[in-house]
Amino acid sequence: SVIKNYEELNLFLFIKRNMIAGNGTKFKDLQAFSNKSDVYISNFLKLSVSNGSLIVIPGEVDRRNKIYRLSHHGDEVIREFALKGTKKRGLS
């Protein structure tokens, strides 16, 4: 129920890749990455924060510049999704 379509999966994976690289993900990063509207990205972030799959960290200099990271729950959903995909292809 956390990931409803491929675009949301793509956004979650983008946030995960940034976390692996040691970078935070800001709204403007998601805008540059995705071709979806600002409203779509805002709704995605709002829903993901409310269902516990993303956490919000206020910016150090300007608290309005929020940084989004996967929560423990969101990270597990991504891992489970990846494991299910490899089992379907017979790679497990």
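Taking Asn35 as the reference, nothing meets the side-chain hydrogen bond (donor to acceptor under 3.5 Å, both in side chains) condition, with sequence neighbours excluded. With sequence neighbours left out, Asp29 forms a salt bridge (Lys or Arg N to Asp or Glu O under 4.0 Å) with no residue at all. For Phe14, the ring pair (Phe, Tyr, Trp, His ring centres under 6.0 Å) partners are Phe33, not counting sequence neighbours. Listed by chain and number, the residues in a side-chain hydrogen bond (donor to acceptor under 3.5 Å, both in side chains) with Ser71 amount to none (sequence neighbours excluded).
Residue pairs meeting the ring pair (Phe, Tyr, Trp, His ring centres under 6.0 Å) criterion with at least one partner in residues 48-74, sequence neighbours excluded, do not occur; the list is empty. For residues 50-69, the pairs satisfying salt bridge (charged side-chain N to carboxylate O under 4.0 Å, His left out) are Asp62-Arg64, with sequence neighbours left out. Here salt bridge (charged side-chain N to carboxylate O under 4.0 Å, His left out) pairs that include residues 9-25, with residues two or more places apart or in two chains, are Lys16-Asp75.
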Trace of the side chain to side chain contact (heavy atoms under 4.5 Å, CB included) decision for Ser34 with Asn10: CA-CA 9 Å; Ser34 177; Asn10 212 16; over 6 Å; no

Ignoring hydrogens and angles, write down the donor-acceptor pairs under 3.5 Å from the side chains of residues 41-50, residues two or more places apart or on other chains.
{"from": "Ser42", "atom 1": "OG", "to": "Asp38", "atom 2": "O", "distance (Å)": "2.9"}
{"from": "Asn43", "atom 1": "ND2", "to": "Val39", "atom 2": "O", "distance (Å)": "3.3"}
{"from": "Ser48", "atom 1": "OG", "to": "Phe44", "atom 2": "O", "distance (Å)": "2.8"}
{"from": "Ser50", "atom 1": "OG", "to": "Lys46", "atom 2": "O", "distance (Å)": "3.3"}
{"from": "Ser50", "atom 1": "OG", "to": "Leu47", "atom 2": "O", "distance (Å)": "2.9"}

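By the rule that hydrophobic residues join a cluster once side-chain heavy atoms approach within less than 4.5 Å of another member, Tyr6 and Leu13 end up as members of one cluster. No path of Ile, Leu, Val, Met, Phe, Trp and Tyr side chains, each step under 4.5 Å between heavy atoms, connects Leu54 with Ile67, placing them in separate hydrophobic clusters. Two different hydrophobic clusters hold Ile57 and Met19 under the rule that ILVMFWY side chains link at heavy-atom gaps under 4.5 Å.
Residue Ile55 shares its hydrophobic cluster (ILVMFWY side chains chained together at separations under 4.5 Å) with no other residue.
Counting all heavy atoms, side chain and backbone alike, Thr25 lies closest to Ile15 at OG1-CA, 3.7 Å.
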